[in-house]
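Below, read A as the first sequence line, B as the second, and so on, with proteins coming before strands; counting in each chain starts at 1.
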Amino acid sequence: MSALTVSDLNVWFGVGAERAYAVRDVSFDVAKGESFGLVGESGSGKSTILRAIAGLVPTWSGTMVVDGEPLGRRRSKAFYSKVQMVFQDPYASLHPRQTVDRVLSEVMHLHGVKDINTRIARLLDDVGLGSGFRFRYPHQLSGGQRQRVAIARALASGPSILLLDEPTSALDVSVQAEILNLLVDLRSEHDLTYIMVSHDLGVVGHLCERIAVMQQGAFEEVLSVADMRRLEAKSPYTRHLLESSIKSIR
Amino acid sequence: MTDAPLLDVENLWVRFRTRSGVFDAVRGVSFTLGKERLGIVGESGSGKSMTGRAILRLIRPPGMIEADKLEMHGEDILSAPESRMRQLRGGRVSMIMQDPKFSLNPVMTVGQQLVEALRAHEKVSRGEARRRALAMLDEVAIRDPERVYELYPHEVSGGMGQRIMIAMMLLPSPEILIADEPTSALDVSVQLQVLDIIDKLVRDRGMGLMFISHDLNLVAKFCDRIVIMYAGRIVETCKADELRNARHPYTLGLLNSVPDLEHPRERLEVLKRDPEWREAPSVSARQ
Amino acid sequence: MSASQGLREWLLAEEPTSRRQARWASWYKGWLTLRSNTLAMLGLFVLAFLILAAIFAPLLATHDPFAQDLGQRLLAPGENGHLFGTDSLGRDIYSRLLYGARISIYIVALVVMVAPVVGLIVGTVSGYAGGWIDVVLMRVTDIFLAFPRLILALAFVAALGAGIENAVLAISLTAWPPYARIARAETLTIRNSDFIHAIKLQGAGPFRIVTRHIWPLCISSLVIRVTLDMAGIILTAAGLGFLGLGAQPPSPEWGAMISEGRKYILDYWWVATIPGIAIFAISLAFNLLGDGMRDVLDPKEDHS
């Protein structure tokens with residue numbers, strides 16, 4: 001059974017004649033425990049897909065099914081305990097006036113978790129922060145530590161699907177490695193399904209099994225990471241993208 | 001022609017006075033820049049951008065610049081008056097910043113800005129300035145210079161904006177170009193194009209390039225010499241083609257922590273930061 | 001000595017171990033920032049002095065502020081044990097000033113309890129809800145903003161009768177729209193930030209988002225603005241008093257005192273000047289403090 005099925009998804013912004021489509025007729029299917037990557041250049045609509053799934057964009061059409069349950073205009077409480085999101089910029093995704101403890105306990109309170117104290121301690125251990133960070137404010141944390149807090153927040157409700165919106169692009173490479181390792185560990189520990197957006201093929205290749213290449217709001221090609229490594233792409237755009245990211249290293 | 005390097009920096013410190021004491025952003029860095037492409041690599045907070053700014057004396061108070069020697073073509077710029085610095089900035093040294101959106105004036109057309117930049121440093125007629133601006137736009141591989149000349153910055157894409165910035169910076173024919181993360185705001189495919197343009201221009205004109213970036217692999221590909229900074233100091237320096245022989249654990253850590261498309265690994269290597277790196281004396285990158 | 005040092009260390013600990021400690025530490029760091037601003041501290045000092053003077057007015061006053069003694073009228077400062085002299089009815093200006101401080105602080109407190117609160121609620125609701133709610137609330141704000149402050153206050157006082165409470169009501173009614181504008185502008189930028197999206201994704205409703213996540217970020221800029229506006233509020237109240245529409249005689253309101261003194265200003269300068277200096281001091285003190293608060297409360301700047 002698949003964790004997430006999206007069919008004929010269209011997302012637009014603006015009204016009337018100014019309506020501009022950010023995503024056009026996108027369909028894909030993510031199996032339980034799979035890691036699916038969305039790749040494309042800026043403005044290709046990859047982040048918009050994640051936001052539409054999360055319910056942050058109201059203007060969409062098509063069907064989205066999570067765990068056999070079709071999604072409506074409004075998301076149910078049960079949806080939020082199943083699907084969570086990690087944002088790109090850890091400097092913008094934490095409330096500047098709230099301590100780590102406050103952030104996590106509010107989330108748990110919203111989901112009706114009992115035993116908040118021990119859960120927070122365990123969650124912080126899970127993301128490799130330890131209890132020393134519990135009462136710190138965001139400005140007392142580094143970028144990598146903030147992103148760990150954001151991951152902890154996403155995990156607090158015990159979701160099965162995590163939407164990752166370029167979770168490492170604002171971080172240094174060495175910190176990026178730590179976060180990617182953490183994501184790999186968490187996935188196996190918590191049986192998570194990932195849907196990850198990135199412009200970095202190396203990052204997507206490290207974490208995902210299958211990727212969709214996007215251009216101008218539509219899927220150009222869906223291919224396995226193994227195929228991508230062998231550079232066996234059918235579409236010329238995908239090949240161009242692959243070549244440029246390999247060239248910039250060599 | 002003298003043999004003096006374009007840029008000679010010895011024991012450069014950048015300090016910031018804060019409430020909790022003095023914070024040293026750059027701690028005793030020494031390097032020279034000849035007619036070459038020098039890459040400066042480090043993580044955020046390593047002092048790489050501060051080094052670039054210190055050379056142009058663009059550090060505002062409470063920041064302070066100290067150095068035993070800070071010379072441009074044999075001319076001392078540490079004690080040069082501010083008016084001389086204004087001549088040098090943009091005239092003999094140019095700087096390209098990360099995001100073209102913030103570097104271009106939104107209420108002037110591209111052409112006006114280019115002409116302005118040129119006329120600030122050279123006495124040329126408007127017609128001549130326009131001719132050279134158009135030629136320069138052509139050189140940075142902009143297909144239709146006449147059209148782009150009339151556009152406003154918000155009407156051009158990120159990649160085009162960065163190419164316009166490059167054109168603007170190179171118009172007064174500087175000897176040194178400081179590029180601070182010039183491509184990190186751009187898409188991969190556009191990145192290469194922009195880098196190729198910088199590379200070609202720097203070679204053709206025999207300029208010195210200081211390429212500041214967090215991306216070690218990218219720098220290794222585009223530069224002749226690499227300086228690796230950590231916590232305000234240079235921990236290692238080497239020729240770009242000898243990077244594979246680098247020995248410092250920090251350099252190795254940076255190299256191995258990047259997920260490689262072609263050589264997948266189960267786990268990425270994580271930097272184990274040794275407090276000793278912070279204390280080890282800065283390596284000199286003078287030649 | 002060692003106890004206070006222990007407290008300081010506890011407050012500045014890198015790793016707070018409880019909610020309480022984290023909150024206190026953040027207050028303490030704000031205090032340190034404020035303390036490093038000499039002018040703001042001066043403002044705070046003046047205000048504290050005035051508040052204490054108001055509280056202890058009965059103890060500090062040398063005379064009854066209302067007692068008239070026509071034999072002692074218009075005495076110069078220092079004469080006959082009248083520190084700041086006496087007014088046209090022979091009342092001790094120093095004592096009246098002390099009791100007048102009570103009125104000024106009372107006015108300020110009332111306005112602070114009404115105007116920013118109304119502004120905050122209207123502004124954040126308007127900014128967060130958007131759509132027609134935003135349009136309606138903002139047009140109402142515009143209407144109030146279009147009234148000239150003093151004229152509206154005059155109309156109010158004319159309709160409801162002269163008195164401090166009505167003056168305060170009139171001032172508050174014209175003072176809240178700018179706060180609503182600020183709160184709305186802040187809300188519009190905060191609304192689309194990732195941390196609000198993140199809490200939305202946890203299923204939080206609009207009420208919780210506005211009160212728990214948006215308010216704390218708006219309050220700081222409102223506090224700054226209110227502190228800076230305080231001078232204007234005191235001046236308006238004094239102006240109403242001066243026009244005879246605020247506090248009524250024999251109440252020792254500072255504006256009313258100036259008004260009474262203006263007849264004698266050429267021959268007996270102190271009658272109008274001394275309450276004038278008091279208004280000047282309190283206004284300046286609020287302005288200085290407001291400027292210092294800006295450094296402390298600006299959320300963009302982390303005071304670590």
Atom CD of Glu18(A): over 12 foreign heavy atoms under 6.0 Å
no

With only heavy atoms counted, which part of Asp200(A) is less than 4.5 Å from chain B, the side chain, the backbone, both or neither?
neither

Could you check whether atom CZ of Arg205(B) has more than 12 heavy atoms from other residues, nucleotides or ligands sitting under 6.0 Å from it?
yes

Would you check, one step at a time, whether the test side chain to side chain contact (heavy atoms under 4.5 Å, CB included) holds for Asp215(B) with Val173(A)?
CA-CA 8 Å; Asp215(B) 191 335; Val173(A) 275; over 6 Å; no

How close do Glu43(B) and Asp172(A) get, counting heavy atoms only, and between which atoms?
CB-OD2, 3.2 Å

Heavy-atom neighbours of Arg210(A) CZ exceed 12 at 6.0 Å:
yes

Counting heavy-atom pairs closer than 4.5 Å to chain B, which one of Ser174(A), Gly205(A), Gly143(A) comes out on top?
Ser174(A)

Can you tell me if NZ on Lys239(B) sees more than 12 non-hydrogen neighbours from other groups inside 6.0 Å?
no

Note: Pro259(B) and Gly202(A) closest approach over all heavy atoms is CB-O, 3.5 Å

Would you say the side-chain atoms of Gln176(A) and Ser257(B) include a donor-acceptor pair closer than 3.5 Å?
no

Comparing Asn256(B), Leu216(B), Leu268(B), Thr183(B) against chain A, the one with the most heavy-atom pairs below 4.5 Å turns out to be Leu268(B)

Does atom CD of Glu34(A) have more than 12 heavy-atom neighbours, drawn from other residues, nucleotides or ligands, at distances under 6.0 Å?
yes

